[in-house]
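First comes the structure, then the notes that go with it.
Just so it is clear, the model here is predicted, and its values are computed rather than measured. Counting starts at 1 for both ligands and their atoms, in listed order.
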Amino acid sequence: MPGVVGSAAADYSSSDSLGTSAAQTRSAAVEDLIRQDPGRFRVLTGDRPTGQLHLGHYFGTLHNRVRLQDLGVEMFVLIADYQVLTDRDVADHLVEHVEGLVLDYLAIGIDPDQSTVFAHSAIPALNQLLLPFLSLVSVAELGRNPTVKDEIAHSRQSAVSGLMFTYPAHQAADILFCKANLVPVGQDQLPHLELTRSIARRFNDRYGTGAGLFPEPDALLSDAPLLLGTDGTKMSKSRGNAIALAASADETARLIRGAKTDADRHITYDPVNRPEVSSLVLLAALCLGRDPHQIADDIGNAGAATLKNTVSEAVNEYLAPIRARRKQLAQDRGLIRQVLREGNERATAVADATLTDVRAAMNSVY
Ligand code: TRP
């Protein structure tokens, strides 16, 4: 999401307006419940360790995680290292990516005493859930998943691996191993969440566990509009259009200076008709905590160069404390390893308990 201007409508309205708006309505209701009683929620969120987290991640979901944590919601933060196995470039630098992700989490304010940060490959009982879960989904169902189709189309790989094809069922194990009932996600993850809900429901039905062994988790959609990358398409590391949280101030300014705009000198906030300019305005607005229309009005006829200066300053100022903290934490690799070790231990205990329940429900305790 660079060029940093995009509208959710532009990306999603044609494909899934109904499902999305239902999820949005539900998300708003869940927000009320969270404020009333944060203790009734257990959140599972996660990222693939594909490289440094960027501003699209930050305003899309990371910021929201810290908010939920600080409201007192119990949280599991998963590093989906099995989901990057088929990406050779990433797999060659896995340790670096995983540790970088932990650093990013700590720098933005994830508190390892309150939230459990772990890697799913380190949790055997989580992975064992995949087998009974796979028995509850059809091959056709997996093949219809629009996000998987999209990833297959963009995967630069000659053959689709079984792992890639089945990863939404694995993701259900990621969520259900800790019986999470709330999953903050971007809209592209909604099909996976729908499958997770189906698996939970089918497991409960099939193995007759009364009130239900598994909850059917809700999606929590962020209300922040999508940021575009510097080229005007979805911000993503693999597209080379992202501004990393850990980038230097100079690099940030350079990337923003190179961001795509349009020929109209007068700056407006109009995400539908002027996605690139509007994404830049939005980025400044998010960093400054101001209304994007006001920011656009302030710049008015001063043009794209002024807009870009405003954005660079706003981003660099916003990220300065996060970057400083990251730099400081990066000097203590032992701490990063310890956060992971302790998170893995906590997640393992939870997964073991769930697997024990699952085996009892399936009548396979010998
Ligand atoms: N597929 C998610 C992504 O690409 C990462 C992920 C893996 C995840 N397991 C999860 C997200 C479980 C939410 C819940 O970003």
Please identify which atoms of ligand 1 are closer than 4.0 Å to at least one heavy atom of Arg48.
1 (N), 3 (C), 4 (O)
Using ring centroids (six-membered ring only for Trp), state whether Phe214 and Phe133 fall under 6.0 Å.
yes
Indicate the ring-plane relationship of His120 and Tyr82, choosing parallel, tilted or perpendicular according to the 30° and 60° boundaries.
tilted
Anything under 30° is parallel, anything over 60° is perpendicular, the rest tilted; go ahead and classify His93 against His97.
perpendicular
Hey, does Gln83 come in under 3.5 Å of ligand 1, counting only N/O atoms on both sides?
yes
Fit a plane to each ring of Tyr58 and Tyr318, take the angle between them on a 0 to 90° scale, and name the class: parallel (under 30°), tilted (30 to 60°) or perpendicular (over 60°).
perpendicular
Considering only protein heavy atoms, which is closest to atom 3 (C) of ligand 1, and at what distance to one decimal place?
Gln189 NE2, 3.6 Å
Under 4.0 Å from one or more heavy atoms of Leu44, ligand 1 contributes atoms 12 (C), 14 (C)
Which is it for Met75 and Val117 under the side chain to side chain contact (heavy atoms under 4.5 Å, CB included) test, yes or no, and what are the steps along the way?
CA-CA 9 Å; Met75 188 151 51; Val117 178; over 6 Å; no
Protein contact to atom 9 (N) of ligand 1 [nearest heavy atom, distance to 0.1 Å]
Asp174 OD2, 2.7 Å
Could you tell me which atoms of ligand 1, counted from 1 in the order shown, lie closer than 4.0 angstrom to a heavy atom of Ala80?
7 (C)
Strictly by modelled atom types, are Gln69 and Glu74 linked by a side-chain donor-acceptor pair under 3.5 Å?
no
Please report which non-hydrogen protein atom sits nearest to atom 12 (C) of ligand 1, along with the residue it belongs to and the distance in Å to one decimal place.
Gln171 CG, 3.4 Å
